[in-house]
Amino acid sequence: MKTNTSTNVLTMESLASLCKRRGFIFQSSEIYGGINGFWDYGPLGCELKANIRDLWWRNIVRERDNVAGLDASIIMHPRVWEASGHVGGFADPMVDCRDCRRRYKADALCEEQNAQLQESEGRLSLPDGVVCTGCGSKNLTEPRAFNLMFSTHVGPVADASAMAYLRPETAQGIFADFSQILTVSRMKVPFGIAQIGKAFRNEINPRNYIFRSREFEQMELEFFIKPGEDTEWHEYWVSERLKWYDMIGLPAASLETFTYPPDELAHYAVACVDIKYAFPFGVQELEGIAARGNYDLSRHAEYSGKSQDYFDPETNERFVPHVIEPSAGVDRIALALLCNAYCEEWIPKNNTDGEPRPADPGAKRPPEGYEARTVMRFSPRIAPVKAGVFPLVKNKPELVAKARIVYEQLRRRWNCFWDQTGAIGRRYRRQDEIGTPFGVTIDFQTLDDDTVTLRDRDTMQQTRVALDELMPRMEQQIEP
RNA sequence: GCGAGCGUAGCUCAGUGGUAGAGCUCCACCUUGCCAAGGUGGCUGUCGAGGGUUCGAAUCCCUUCGCUCGCUCCA
């Protein structure tokens, strides 16, 4: 399959329009005016996401001996978030330095400089003269209460003792269940625990279509290792993850990696690499792969009072495992796949001579003799619909009946789409626009010799294929 | 969070105080023997929502919700 060779300047508007029109993504609650930061995945979008999840789960969990799955609850004991650091450090009003990006507790910063945090009409403010203790800058934000977790109450009484949070990341469920899974799975270090699920952050300002949403889905692996082996395992997982992106249709050339310099790492972290994609609105993170030392398990040991030690029977050593955390956003990967697949091209009319070519950016119409085609060049592995099945014409019952048999066979294996209405060309183009890699057309010759036309989305070329060979042929490309 | 712009049919958009429109899409039938073909017919709107001004508001004013862009934010 071709990769996206288009030089088109993709706009989020045209992508969002296609996604809405074809049923990938809708704004949540649109009939009530919408709600900021929440999105619904339509018939095609949920297939796309299911494919992302399935391929990740297969690659991370099923195909490895030393990774087990978990599906932890979204609401956990509130102490989890104290241990993780999501509550404690941010319950107080915070001030950020815009210049050096340090963050301070507002009252502590004032106290250091013999000043008093001011309050009027419920709004906090810094007195004049307070500066960043790190760099001396006066360019500080206003003090803000800074908890981006959604809170709720467990049980019918909404008092403080019933306070709980929707998880802001799935990872803590893994750490909290670490010792139980260690026991039941009988795995030995190095081993991993993987989880896919929803997470919630009350983002101040959701932006960029579905990129930063308030409800989103994560695919996280915590891979537990012997202390001291962090660097080697971190490199291993960066490499593994890049291979996976290539497999789903985001080759290395379409991605950028960012390695955090040591001074930008969290204090407990050994290394961190972001995998990024060049979205129309900027190069942005799809996944972070962090070597987090034993910070998380140690914190849970401290807060819960339950040891999180691992005993290594071979060396008789006892230690708190270190962890490598590849943490990926399902929605962000879906968006990257949509952006990467999107292509507008101009093709010669009436099948005359000439090659398709990418549409000129900004041009409203194709030149004389050409017509526009919008095609989503998804990898066949990830495409929401694998094949469209078409009787060449619908007013010949024996043709429709035969096509229906082919359709029923294919749909047992893959998500397929039946379409018998309108001209065949229109049906092909409709499938192009949702990225269906194959068109299977049943014509009169099929009734004689059991062969069908297999049409390729990217090249638009057609080959005559015996029905016996159809599934193997498709399988080669969908599940190589 | 601040500033600016925008919100009219499924999509793209026209409509500056006087009967809500176009193109495309979509649906049905006919035709059609492989690339958005042709014919006929058809559906579609609380003009984002609420309030106000007016004899009369898609249009003017206020509020609110949402979207976009820039700053900000992104533990």
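The sequence lines fix the lettering, A, B, ..., with proteins before strands; numbering per chain opens at 1.
Residue-level contact check: Asn395(A) touches the bases, meaning some heavy atom is under 4.0 Å from a base atom. As judged by a 4.0 angstrom heavy-atom cut-off over every strand, Tyr209(A) is placed among residues touching the sugar-phosphate backbone only. Across all strands shown, Arg455(A) has heavy atoms under 4.0 Å from base atoms, whether or not it also approaches the sugar-phosphate. Counting any heavy atom pair closer than 4.0 Å across all strands shown, Ala372(A) reaches a base atom. Backbone-only contact: Ser17(A) has heavy atoms under 4.0 Å from sugar-phosphate atoms and none from a base.
The side chain of Ala423(A) sits closest to rA37(B) out of rA37(B), rG1(B), rA36(B). Taking only side-chain atoms of Arg207(A), from C-beta outward, the nucleotide of rC2(B), rA36(B), rC34(B) with the closest atom is rC2(B). The side chain of Tyr428(A) approaches rC34(B) more closely than any other nucleotide in the set rC73(B), rU31(B), rC34(B).
When the P atom is compared between rG18(B) and rC27(B), the two are found 37 Å apart, to the nearest whole Å. Taking the P atoms as reference points, rC60(B) lies 33 Å from rU25(B), given to the whole Å. Separation of the P atoms belonging to rC47(B) and rU19(B) is 15 Å when rounded to the nearest angstrom. Taking the P atoms as reference points, rC11(B) lies 24 Å from rG70(B), given to the whole Å. The same atom, P, is picked in rC65(B) and in rC26(B); the two are 37 Å apart, to the nearest Å. Nucleotides rC6(B) and rG15(B) place their P atoms 13 Å apart, quoted to the nearest Å. Separating the P atom of rG41(B) from that of rG23(B) is a span of 14 Å, rounded to the nearest Å. rC61(B) and rG21(B) are spaced 27 Å apart, taking the C1' atom of each and rounding to whole Å.
Taking the side chain to side chain donor-acceptor pair (under 3.5 Å) definition, one finds that Glu475(A) meets it with Arg413(A), sequence neighbours left out. Take Asp432(A) and apply the salt bridge (charged side-chain N to carboxylate O under 4.0 Å, His left out) test, not counting sequence neighbours, and it matches Arg373(A), Arg455(A). For His234(A), there are no side chain to side chain donor-acceptor pair (under 3.5 Å) partners, not counting sequence neighbours. For Trp237(A), there are no side chain to side chain donor-acceptor pair (under 3.5 Å) partners two or more places apart in sequence or in a different chain. Not counting sequence neighbours, Arg427(A) has no partner by the side chain to side chain donor-acceptor pair (under 3.5 Å) test.
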Find every protein N or O atom lying less than 3.5 Å from an N or O atom of nucleotides 21-28 of chain B, and list the pairs.
unit_1  : atom_1 : unit_2    : atom_2 : d
rC26(B) : OP1    : Arg430(A) : NH1    : 2.4
rC26(B) : OP2    : Arg426(A) : NH1    : 2.8

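Only at 4.0 angstrom or more do the heavy atoms of residues 270-281 of chain A sit from any atom of RNA chain B, so none qualifies. A heavy atom lying under 4.0 Å from RNA chain B marks the following residues of residues 440-447 of chain A, by number: Thr441(A), Asp443(A), Phe444(A).
The existence of a salt bridge linking Glu217(A) and Arg332(A) is excluded, since no basic side-chain nitrogen approaches an acidic carboxylate oxygen closer than 4.0 Å. Taking the charged nitrogens against the carboxylate oxygens, Arg429(A) and Glu433(A) have no contact shorter than 4.0 Å, which rules out a salt bridge.
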Anything under 3.5 Å between a donor and an acceptor, one on a side chain of residues 169-176 of chain A, the other on a protein residue two or more places apart or in another chain? List them.
unit_1    : atom_1 : unit_2    : atom_2 : d
Glu169(A) : OE2    : Gln172(A) : NE2    : 2.9
Thr170(A) : OG1    : Glu220(A) : OE1    : 2.5
Gln172(A) : OE1    : His300(A) : NE2    : 2.7

N/O donor-acceptor pairs under 3.5 Å from side chains in residues 271-282 of chain A, not counting sequence neighbours:
unit_1    : atom_1 : unit_2    : atom_2 : d
Asp274(A) : OD2    : Tyr260(A) : OH     : 2.8
Tyr277(A) : OH     : Asn340(A) : N      : 3.3
Tyr277(A) : OH     : Asn340(A) : OD1    : 3.4

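Here rA36(B) presents its C1' atom at 10 Å from CG of Asp432(A), a figure rounded to the nearest Å. In this structure, Lys402(A) places its NZ atom 18 Å from C1' of rG33(B), rounding to the nearest Å. With rounding to whole Å, Asn202(A) atom CG is found 10 Å from rG1(B) atom P. For the pair Phe38(A) CZ and rC67(B) P, the interatomic distance rounds to 11 Å; values are reported in whole Å. In this entry the distance linking CG of Leu18(A) with P of rA36(B) reads 19 Å, nearest Å. Atom CZ of Phe211(A) is separated from atom P of rC73(B) by 17 Å (rounded to the nearest Å). If you take CE of Met12(A) and P of rU68(B), they are 9 Å apart, rounded to a whole angstrom. rA75(B) atom P lies 16 Å from atom CZ of Phe150(A), rounded to whole Å.
Put simply, the side chain of Tyr342(A) reaches to within 4.5 Å of the side chain of Thr374(A), judged on heavy atoms. Looking only at side-chain heavy atoms (C-beta outward), Arg201(A) and Phe216(A) come within less than 4.5 Å of each other.
Along RNA chain B, the nucleotide nearest Met149(A) and the nucleotide nearest Ile35(A) are compared for position; the residue whose nucleotide lies closer to the 5' end is Ile35(A).
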query = Between Tyr268(A) and Asn294(A), is a side-chain hydrogen bond (donor to acceptor under 3.5 Å, both in side chains) present by the stated rule, with each step listed?
reply = CA-CA 8 Å; Tyr268(A) 49 81; Asn294(A) 63 10; over 6 Å; no
task = Go through the steps to decide whether Tyr245(A) and Glu287(A) satisfy the test side-chain hydrogen bond (donor to acceptor under 3.5 Å, both in side chains), and finish with yes or no.
result = CA-CA 11 Å; Tyr245(A) 281 102; Glu287(A) 171 162 353; 2.6 Å; yes
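The side chain of Asn36(A) places an N or O atom within less than 4.0 Å of a non-bridging phosphate oxygen (OP1 or OP2) of rC67(B). Note on Gln27(A): every side-chain N or O is 4.0 Å or more away from OP1 and OP2 of rG66(B). Phosphate contact (OP1/OP2 of rC11(B), side-chain N/O of Lys20(A), threshold under 4.0 Å): present.
Using N1 to N3 plus N6-O4 or O6-N4 for Watson-Crick, or N1-O2 and O6-N3 for G-U wobble, each under 3.5 Å, rC34(B) pairs with nothing. In a base pair of the Watson-Crick type (N1 to N3 plus N6-O4 or O6-N4) or a G-U wobble (N1-O2 and O6-N3), with each distance short of 3.5 Å, rU40(B) is matched with rA28(B). Under the Watson-Crick and G-U wobble criteria, each requiring two contacts below 3.5 Å, nucleotide rC67(B) is paired to rG5(B).
Pairs of residues two or more places apart, or lying in two chains, that qualify as side-chain hydrogen bond (donor to acceptor under 3.5 Å, both in side chains) and include a residue from residues 394-403 of chain A are Lys402(A)-Asp450(A). Judged as a side-chain hydrogen bond (donor to acceptor under 3.5 Å, both in side chains), the pairs with a partner in residues 440-449 of chain A (not counting sequence neighbours) are, in order, Tyr428(A)-Thr441(A), Asp443(A)-Thr446(A), Asp443(A)-Arg464(A), Gln445(A)-Asp449(A), Asp449(A)-Thr451(A).
The base of rC35(B) is not paired with the side chain of Arg427(A) by any donor and acceptor separated by under 3.5 Å.
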